[in-house]
Amino acid sequence: MQIQVFDAEYKTGPLKLILYGKNREGVYKLVDTEFRPYFYAMPTDLESLKDDLEGANFESDKGKKLNITDTEIEEKKYGQETVKVLKIETDIPANVPKLKNELWDLESVRRCLEFDIPFYRRYLIDKGIRPGKWIEVEGKEQSSDSFESEIIVEEIRPSIEGKNDLDWNSMAFDLEVIDDRIVMASFRSEGFRRLLSVKDIDLDFVEVVEDERELLERFIEIVEGENVDILTGYNTDEYDFPELREAANRHNVELSLGRNGERMKFNRRGRFKGARIKARMHLDLYPFVTHILAPGIDSETLDLDSVAEEMLGLNKDDLSWSEMKEIWETEDDLEKFAKYAMKDADITFKLGNEITPQMLELSRITGLIPFDSSRLTYGQLTENYLIREAYNRGMLTRNRPSQQKRSKRDREQAYQGGFVYTPEEGLYEDVAVFDFRSLYPTVMVAHNISPDTLNVESCEDSFELDEFDYSFCQDEQGFFPELVEDLVSSRYELKKEMKELEQGSQKYKNIYNRQQAQKILANSFYGYLGYSGARWYSRESAEATTYLGREYIQDSIEIAEEMGYEMVYGDTDSVMLRKENLREDMDEFLDEVNSMLPEFMELEFEGFFKRGFFTSKESGEGAKKKYALIDEEGGLKITGFEQVRRDWSPIAKKTQEEVLRKVLEDNVDEAVEIVEDTIEALRTGEVDVEELKIYTTLTKPPEEYGNTAPHVEAAKKAKKRGDKIEPETTVDYVITRSGKSISGQAELTKYAENYDADYYIDNQVIPVAMRVLKVFGYTEDQLKGKGKQSGLGQF
DNA sequence: CTTGACCGGGG
DNA sequence: GTGTACGGTCAAG
């Protein structure tokens, strides 16, 4: 039969590897009892290693027997050499690391390798199985209660046929928790929309449940009844599932959410945990947003509303935490609460429809199950891809660096990054942006930069870098350039294919996601080479890549200047230029640059902007990475104005954005008026307290903090007044007029009777406004108007 | 300038 | 579970 695998695990006693897969008939369980765990021992001397293993008995620290069930000599590539290694097979996956420790102590063993690859991943790699790709299975079919059937695998291999995509049943959910009790749960899929509530609410999508216990039971029934393949949520790993588990413990309910009836379990993943539901895909959108999508998201925060607003264009419908609590307690307008809760699942579902296909595409390329591909960081994703591709090329995977090695790598002098042009502060009209198509990946391909081409001893065609005392051999294509070239070329083909398709069609979306996943991976290689935790760490490769990137962008700038362009700004892989008749002349410029570039590299036209604004540092020198652009449709692109991102009051953030917009609309006078009006409003006490609130989350009881941050001091004072301040609460505070320091003046909003207008003027509004307006010659005093005394700012 | 604490998302 | 993996920002030193 043909099937697509989407989940994998193993069980011991006796050892079986279990896959869960789906085709058009349904969901199947596949069981392979033949596959055995193994690792490699690289010998100092093969014969004496064989002697050492002959009749040897290995024991774990606890005295348990560690069996070697089989050994085999294999020839593998390790770095630039070919070596003979001994494959050591054992009976239980958990014995692999233990046995590895025993063997590594032998004098006949130089090192052990590939002892830390999780067993189910090892299986998928060795069998060539990738989720999202069809595989062929032969075996004995048995009936099963939970699945279409269960198959005892005899043969399993990648399938050449089977191009059509599968549909997955996706469902999003969200919980509402008040006073540590789950009071609502909302669900949304293509054909199902429901809110469970423990309080009576008369709305068509609401199902009223008796209590929290019944809510849990219904939760499980809904997931089962709707035959969910993909369950999504936002921060469900760290919030919703921990809440669910606690509730389940309280009521002694088994959270049997797995298709096989198995309990939800948490997987430890470093500082994170992942809620794992067997034979379904629980894909938390938040880790993927932070790990993978964040660099491409402009929003200052990565909360559900902001991310959905940016990715889907949905506007938010804010209900603050205190409002929610109040509604729940007073039972006044519970409908509003219910609609809000339902909307969260709706938004998550829509966001999931955008994001889960990207996760599945990453699984298709890397071969990781979606549970993993959705939660790993860039580096880990790249590494898992490398491990698989290395295996396919008969290469041994390098070992992970020890903690000491990592910190040694971290302590090394940082190498130089991208080239950033220092702009002249001011407002520029009609700027054009050009950028290099995948600069670092293409540099790596163009110059064959790779850990395995670095300083090859007997190399005929060696590329020497004048700046550094190392070289890259050009005789054979290296591991990294080969992978990058495959990804970049394949992506290029897909992009061509995309142009032929109707935007918004399913086919278009599929291909878009595929090329997006390839882009993500191709771009991660450079960073990976310079990441201290990388198995294939190569500082030289990373350093050479940025060095060559700088050379190419500087060459392009030189060409532009020779051709009469005015250089406005440039950062790493892009340049902003100005010139009369630019639209007519730019092809000539592009041709000139592209003929200078090696094959595979390309400078492209990115777009026009009506105006660009650049500011300067304290020293008066133009500020790098801090600018704002407005396009011809009036769209703003603000970069680097850090005030927009931090814990600043809404009034400061809003003022800055309005000022930037006015400036970009070439209306500096109105920009100044905005600041003056804001200051005036602060002075006369007209400003709404909402505009002054600063939010921060307390992660522990306030008295346990060593420092005196404003939010901590405000919380301490509130506690003295008798407030219950628990860890994990977000406090909002205002800087009032009473107190000695800023921290001393901080009060929780509800206790604030007045506000310190001077603080908000001098420390919030003026600094962010001045960042922009000083460029036009304004001083702080001018913005403040002189001599006026601040009022009391009473609420 | 360096070091170490803190934070993210969720309600 | 072939376990124990972040990265940016800020205040204090």
Side-chain angles (χ1 to χ4, degrees), chain A residues 9-12 36-40 88-90 92-101 112-123 174-184 233-243 265-274 276 284-291 294-295 300-307 319-325 328 337 340-341 344 348 375-381 383 397 400-401 403 406 531-534 642 645-647 695-700 704-712 726 728-730 742-743:
Chain A
E9 61 165 333
Y10 77 87
K11 288 205 155 50
T12 52
R36 290 287 168 269
Y38 68 87
F39 65 101
Y40 294 107
I88 313 281
E89 199 186 276
T90 182
I92 304 168
N95 282 350
V96 167
K98 295 173 191 156
L99 205 47
K100 171 256 325 186
N101 288 336
C112 294
L113 291 150
E114 305 204 358
F115 45 78
D116 58 357
I117 299 168
F119 190 49
Y120 69 92
R121 288 191 204 163
R122 174 89 271 172
Y123 182 85
D174 181 45
L175 299 182
E176 307 301 325
V177 179
I178 304 257
D179 294 334
D180 292 327
R181 291 292 178 272
I182 303 172
V183 298
M184 285 183 187
Y234 206 79
N235 205 20
T236 37
D237 277 345
E238 301 287 336
Y239 186 74
D240 299 71
F241 273 112
E243 290 288 344
K265 278 186 193 144
F266 286 113
N267 273 23
R268 271 275 143 71
R269 315 176 72 80
R271 56 183 281 277
F272 302 109
K273 53 182 176 295
R276 185 135 188 207
D284 185 349
L285 305 181
Y286 175 65
F288 194 75
V289 167
T290 53
H291 292 151
E300 57 219 62
T301 56
L302 297 174
D303 55 286
L304 177 60
D305 278 335
S306 317
V307 173
L319 192 59
S320 76
W321 171 227
S322 48
E323 285 173 283
M324 264 163 65
K325 240 183 134 164
W328 190 256
F337 192 173
Y340 167 88
D344 259 6
T348 308
R375 288 173 174 81
L376 297 184
T377 61
Y378 253 98
Q380 293 161 335
L381 219 46
E383 190 149 275
T397 291
R400 296 173 66 170
Q403 201 49 250
R406 282 187 69 161
Y531 163 53
S532 62
E642 68 275 25
R645 305 172 34 190
R646 285 186 307 205
D647 293 342
Y695 290 90
T696 319
T697 305
L698 290 160
T699 52
K700 52 188 177 185
E704 283 179 26
Y705 280 83
N707 65 10
T708 53
H711 68 287
V712 176
E726 311 258 340
E728 315 303 328
T729 51
T730 299
I742 302 293
S743 288

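Since this is a predicted model, take the numbers as computed values, not measurements. Quick note on labels: first sequence line is chain A, next is B, and so on, each numbered from 1.
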TODO: Mind checking D237(A) for me? I need base, sugar-phosphate or nothing, with any heavy atom below 4.0 Å counting as a touch.
DONE: nothing
List, with names and distances, any nitrogen or oxygen atoms from the protein found under 3.5 Å away from nitrogen or oxygen atoms belonging to nucleotides 4-7 of chain C.
unit_1: dA5(C); atom_1: N7; unit_2: G270(A); atom_2: N; d: 2.9
unit_1: dA5(C); atom_1: N3; unit_2: Q380(A); atom_2: NE2; d: 2.3
unit_1: dC6(C); atom_1: N3; unit_2: R271(A); atom_2: NE; d: 3.2
unit_1: dC6(C); atom_1: N3; unit_2: R271(A); atom_2: NH1; d: 3.4
unit_1: dC6(C); atom_1: N3; unit_2: R271(A); atom_2: NH2; d: 3.4
unit_1: dC6(C); atom_1: N4; unit_2: R271(A); atom_2: NE; d: 2.7
unit_1: dC6(C); atom_1: N4; unit_2: R271(A); atom_2: NH2; d: 3.4

- [ ] Look at all strands and tell whether I92(A) reaches a base, only sugar-phosphate, or nothing, counting heavy atoms closer than 4.0 Å.
- [x] nothing
Task: Length of the NZ-C1' vector between K325(A) and dG11(B), whole Å - done: 10 Å
Task: C1'-based separation of dC6(C) from dG11(B) [nearest Å] - done: 25 Å
Open item on the list: Just to be sure I understand the rule, does D179(A) reach a base, reach only the sugar-phosphate, or reach nothing, if contact means heavy atoms closer than 4.0 Å?
Closed with: nothing
Open item on the list: Could you work out, with salt bridge (Lys or Arg N to Asp or Glu O under 4.0 Å) as the rule, every residue matching E238(A), not counting sequence neighbours?
Closed with: K273(A)
Task: Of the listed nucleotides dG10(B), dG11(B), dG1(C), the one nearest the side chain of A94(A) - done: dG1(C)
Open item on the list: Over all strands shown, is L175(A) touching base, sugar-phosphate only, or nothing at heavy-atom distances under 4.0 angstrom?
Closed with: sugar-phosphate
Open item on the list: The criterion is side-chain contact (heavy atoms from CB on, under 4.5 Å); which residues satisfy it with T90(A), sequence neighbours excluded?
Closed with: P37(A), N95(A), V96(A), L99(A)
TODO: Please state how far atom CG in L304(A) lies from atom C1' in dG11(B), giving the value in whole angstrom units.
DONE: 13 Å
Open item on the list: Please classify the nucleic acid contact of D240(A) as base, sugar-phosphate, or nothing, using heavy-atom distances under 4.0 Å.
Closed with: nothing
Open item on the list: Can you identify which nucleotide, out of dG1(C), dG9(B), dG11(B), has its nearest atom closest to the Y340(A) side chain?
Closed with: dG11(B)
Open item on the list: With heavy-atom distances below 4.5 Å as the criterion, would you say the side chains of I178(A) and M184(A) are in contact?
Closed with: no
- [ ] Return the orientation label for the Y40(A) and Y38(A) ring planes: parallel under 30°, perpendicular over 60°, tilted otherwise.
- [x] perpendicular
Task: Below 4.0 Å: OP1/OP2 of dG3(C) and any side-chain N or O of N267(A) - done: no
Task: Nearest listed nucleotide, side chain of Y234(A), among dG9(B), dG3(C), dG1(C) - done: dG9(B)
TODO: Considering only atom C1', compute the distance from dG1(C) to dA5(C) and round it to an integer number of Å.
DONE: 15 Å
TODO: Identify, with sequence neighbours excluded, every residue that meets side-chain contact (heavy atoms from CB on, under 4.5 Å) alongside Y120(A).
DONE: A8(A), L17(A), P118(A), R276(A), I369(A), D372(A)
TODO: Measure the distance from CG on L302(A) to P on dG8(C) and round it to the nearest whole Å.
DONE: 13 Å
- [ ] Could you state the atom-to-atom distance from NZ of K265(A) to P of dG1(C) in whole Å?
- [x] 10 Å
TODO: Looking at every strand, decide which applies to E243(A) at a 4.0 Å heavy-atom threshold: base, sugar-phosphate, or nothing.
DONE: nothing
Open item on the list: Expressed as a whole number of angstroms, how long is the span from D303(A):CG to dG11(B):C1'?
Closed with: 13 Å
Task: Qualifying residues under side-chain contact (heavy atoms from CB on, under 4.5 Å), relative to A534(A), sequence neighbours excluded - done: E383(A), Y528(A), Y531(A), Y537(A)
- [ ] Check whether any side-chain heavy atom of V289(A) sits under 4.5 Å from a side-chain heavy atom of Y234(A), and report yes or no.
- [x] yes
Open item on the list: Without decimals, in angstroms, what is the distance between F266(A) CZ and dG1(C) P?
Closed with: 13 Å
Open item on the list: Which nucleotide wins on minimum distance to the side chain of Y286(A), given the candidates dG1(C), dG10(B), dG8(B)?
Closed with: dG8(B)
Open item on the list: Run the side-chain contact (heavy atoms from CB on, under 4.5 Å) test against R181(A) and tell me which residues pass, sequence neighbours left out.
Closed with: E212(A), R250(A)
Task: Rounded distance in Å - OH (Y120(A)) to P (dG3(C)) - done: 12 Å
